[in-house]
Amino acid sequence: MGKKKDAKGGAGGSKGLARKGDGSETKKRMLVLDQNKCKPGSEAFQFLQRVMQQCRMNCIEVQKKGDPGFPEQPDDSGEPLPKARIVISEDACAACLTRAKKCPGNAIKIVNLPANLTTGIIHRYGPNGFKLHGLPSPKAGYVLGLLGSNGIGKSTALKILAGKLKPNLGNFNDPPSWQDIVTYHRGSDLQAYLTKLLEDDLRVVTKVQLDVDFVSKFAKGKVVGEILEKCDDRGALKHLTKALTIDHLMQREIQQLSGGELQRFAICAVAAREADVYIFDEASSFLDIKQRIEATEVIRELSTLRGEGDRPKYVVVVEHDLAVLDYMADYVNCLYGEPGAFGVVTKIASNTVGINNYLAGYFPAENMRFRAEEITFAVRGTGGSGDSGGGGGEEEKSTMASMVKSNKNLGIDYPNMSKTLGKGKGKEFTLHVEAGSFSGNDCVGLLGQNGCGKTTFMELLSGKFDPKNADGSRASVDGSFRDLGVSYKPQVYAPKLRKFPGTTQDLFERFANSSCSDRLFRLMVMNPLHIPALWELNVRDLSGGELQRVAIAMCLAQKANVYLLDEPSAGLDCEQRVLTAKVIRRWVVNHLGRMAMIVEHDFVMASALSDKVVLYEGRPGVECTARTPVGLVSGFNRFLKQLNVTLRRDPANFRPRVNKKGSIKDQEQKAANTYYVFDTEGTD
């Protein structure tokens, strides 16, 4: 028998995973094994158990409960520990790596590590598990933002900063002591922070990512006001509920709250506590644009507070809405890497520099290029040839130019309409719609607060309220686009999709088989949304972001003249949002020459997608009016004037940026009645 290899933490000098690059440089790789897809009895487990017998070096082995290195406690997912698990050595031979690549179920992936990566490993989740390089550096008295894609390590970093996870510095077999961890960060800003954390001199409160179903069940029967009063350590409850506009919800039960109301309740509960560190994980989810600004101002206010001995507070936020992050944060730590494999935290930078470097795909301080193309948000003319940013090669642009179809002659209009929902005094909501029209390749954005009837308008156009005939079919009425052909992605899509019993491939082959066989659809929609990577996964097991991408692709796969998408950015990270905006414009507007209507609360997505705007006015939840469509510039200016917020565009990449209230730029734009400054290629 050959010598048994030790599966230690750390990158190490792996023979099988190392390969020659240019010249004498050795490129590093790592193998990641998803234990959730490789449980005992699974196809992946049985495959690896079978091929491990073909090697005498014990590159692949089965660890059982009680064996050295087998975890003693379950991870944060709460799932019980399996009776056994597969471990693949860091020094696995080339033959075993070749066999591992053939593992079914996408349980194994081998990823390239940056050749010039010098940031040390802070934490690793066992052999063949995710590893995080570096930690964010909170600054007392300032708001620190974390920017990166999903699965890149932001939640792991927050757990370490909150003291809920002890970092192992990559050594999961013999974890270091807290003193060793503090010594490792000696000379950095983190040394003082971790020392206070070790001495229990920091009180940390966290607003975790919001799971509406879980919170509603956990707090069932509890009243909003009672919970908030228990959290009010600072005596600021009255101020916070007014600032977040939830003072009218104090007598309501938790399970009766909508997603946006629940999010503002959670922010209020955390902000009302007396603490030294405030952490907010995705605070803008489910909120409309007005509510995002209100939540941002509440969070920024926390950084100005002082504790005992006049100690300033730490505030750390994770945010995917770039306009909100830019407005909320003073400094930014970006994260890059391979989702699910490794993440690297960059050096701290100002919010402007950090966000622009991330969008450019290059960090000068680390001399690290992590994305081949930069992301820009230049808005083109309303002729339908606009691009939502993201860039592409010259060959791709040439191909796109040849595929653009002008369909201006397809005029689409709708009459004045009204719809009342609910029954009883105080429970009714009425939506009035002013008549409007679109050309065939317009992309129309619906701008308004939550509860103003944007989803109701889409349901009217999709024919949901059309009367049923005796045979169960629906008869199209004035204002309904049913006879034109409508493809609709609703806001709430997950429950229906999760009922599907098969894989993602089964779903598309059953409901969108003709589009899947279309080479251009695969090139322009499926591949950019990374749908093939989900091909073998069960639909019910997909995450929220993965399910959102599947729902968007399914909507675009239908043959229609009008595409309606309700909040397509929900659950997506910042890069996925940009890619999604690009996909929608290129496929629906540029390629098909059809009309798209979008409900979107993300400033970046809304401005990148829209050619025209439908503005909502009135009392949300009571009576509102959807105005006739107007141009992008005038529509955004009228909407932002309602919010008393001004925006400008960054000269480097044209992304929308919120001006600080009372700043010189804010005052100048308000005086000129220009609440949104577009670039020289403005569309109005």
Side-chain angles (χ1 to χ4, degrees), residues 288-290 382 384 407-469 473-491 560-567 588 594-601 606 609-642 684:
D288 62 39
I289 296 176
K290 179 176 182 291
T382 55
N407 203 18
K408 283 284 187 181
N409 295 328
L410 179 59
I412 301 175
D413 57 358
Y414 56 88
N416 291 318
M417 297 182 287
S418 289
K419 181 67 179 178
T420 299
L421 302 176
K423 294 181 179 180
K425 187 176 180 181
K427 297 182 180 180
E428 292 185 351
F429 168 73
T430 301
L431 172 66
H432 305 289
V433 179
E434 292 183 350
S437 62
F438 314 104
S439 63
N441 53 357
D442 275 336
C443 194
V444 182
L446 307 187
L447 293 182
Q449 301 178 40
N450 283 335
C452 67
K454 300 183 297 298
T455 297
T456 302
F457 184 26
M458 280 199 166
E459 291 175 343
L460 280 169
L461 298 180
S462 68
K464 179 179 179 179
F465 299 116
D466 292 354
K468 285 188 177 180
N469 296 321
S473 62
R474 291 185 181 270
S476 184
V477 297
D478 286 345
S480 170
F481 292 169
R482 176 182 295 275
D483 291 342
L484 286 174
V486 176
S487 181
Y488 178 36
K489 187 205 81 69
Q491 182 182 16
N561 284 312
V562 181
Y563 292 84
L564 308 176
L565 296 101
D566 198 344
E567 297 193 28
V588 178
R594 300 294 186 255
M595 194 269 278
M597 184 172 284
I598 314 291
V599 173
E600 189 51 67
H601 293 306
L609 278 168
S610 304
D611 298 316
K612 291 182 178 179
V613 169
V614 172
L615 189 64
Y616 285 76
E617 298 175 351
R619 296 175 58 195
V622 181
E623 186 174 13
C624 290
T625 301
R627 300 298 181 187
T628 192
V630 296
L632 181 62
V633 175
S634 60
F636 259 86
N637 273 288
R638 286 168 56 187
F639 179 63
L640 293 172
K641 191 172 184 178
Q642 292 179 4
D684 210 307

Can you name the closest pair of heavy atoms from [X] and [Y] and give their distance?
X	Y	value
Tyr488	Asp566	OH-OD2, 4.1 Å
Pro629	Gly436	CD-CA, 3.8 Å
Ala606	Ser610	O-OG, 2.7 Å
Thr430	Thr420	OG1-OG1, 3.1 Å
Asn637	Val633	ND2-O, 2.8 Å

Within the 4.5 Å heavy-atom criterion, are [X] and [Y] side-chain neighbours or not?
X	Y	result
Arg638	Val613	no
Leu461	Val562	no
Met458	Val599	yes

field: By side chain to side chain contact (heavy atoms under 4.5 Å, CB included) - contacts of Cys624 (at least two apart)
entry: Phe429, Cys452
Only counting residues at least two apart or in another chain, list the ones meeting side chain to side chain donor-acceptor pair (under 3.5 Å) with [X].
X	answer
Gln642	none
Gln449	none
Asn450	Gln291, His601
Lys419	none

Partners passing salt bridge (charged side-chain N to carboxylate O under 4.0 Å, His left out) against Lys489 (at least two apart in sequence or in another chain): none
Which residues share a salt bridge (charged side-chain N to carboxylate O under 4.0 Å, His left out) with Glu567, sequence neighbours left out: none
task: Output yes when a side-chain donor or acceptor of Asp611 lies under 3.5 Å from a complementary backbone atom of Asp442, and no otherwise.
output: no
Point-to-point distance, once rounded to the nearest 0.5 Å, from [atom1] of [X] to [atom2] of [Y]:
X	Y	atom1	atom2	result
Leu460	Leu564	CG	CG	11.0 Å
Thr628	Glu434	OG1	CD	6.5 Å
Leu421	Thr456	CG	OG1	5.0 Å
Met597	Leu609	CE	CG	13.0 Å
Cys443	Met595	SG	CE	9.0 Å
Leu447	Lys290	CG	NZ	15.0 Å

query: salt bridge (charged side-chain N to carboxylate O under 4.0 Å, His left out): which pairs involve residues 446-457, sequence neighbours left out?
result: none
- line: ring-ring contact (aromatic ring centres under 6.0 Å, His included) filter on Tyr563, not counting sequence neighbours, yields none
Pairing residues for Tyr414 by the ring-ring contact (aromatic ring centres under 6.0 Å, His included) criterion, not counting sequence neighbours: Phe438, Phe457
Atom pairs and distances, donor-acceptor, side-chain atoms in residues 614-623, under 3.5 Å, two or more places apart:
residue, atom, partner, partner atom, Å
Glu617, OE1, Arg627, NE, 3.0
Glu617, OE1, Arg627, NH2, 3.0
Glu623, OE2, His432, NE2, 2.6

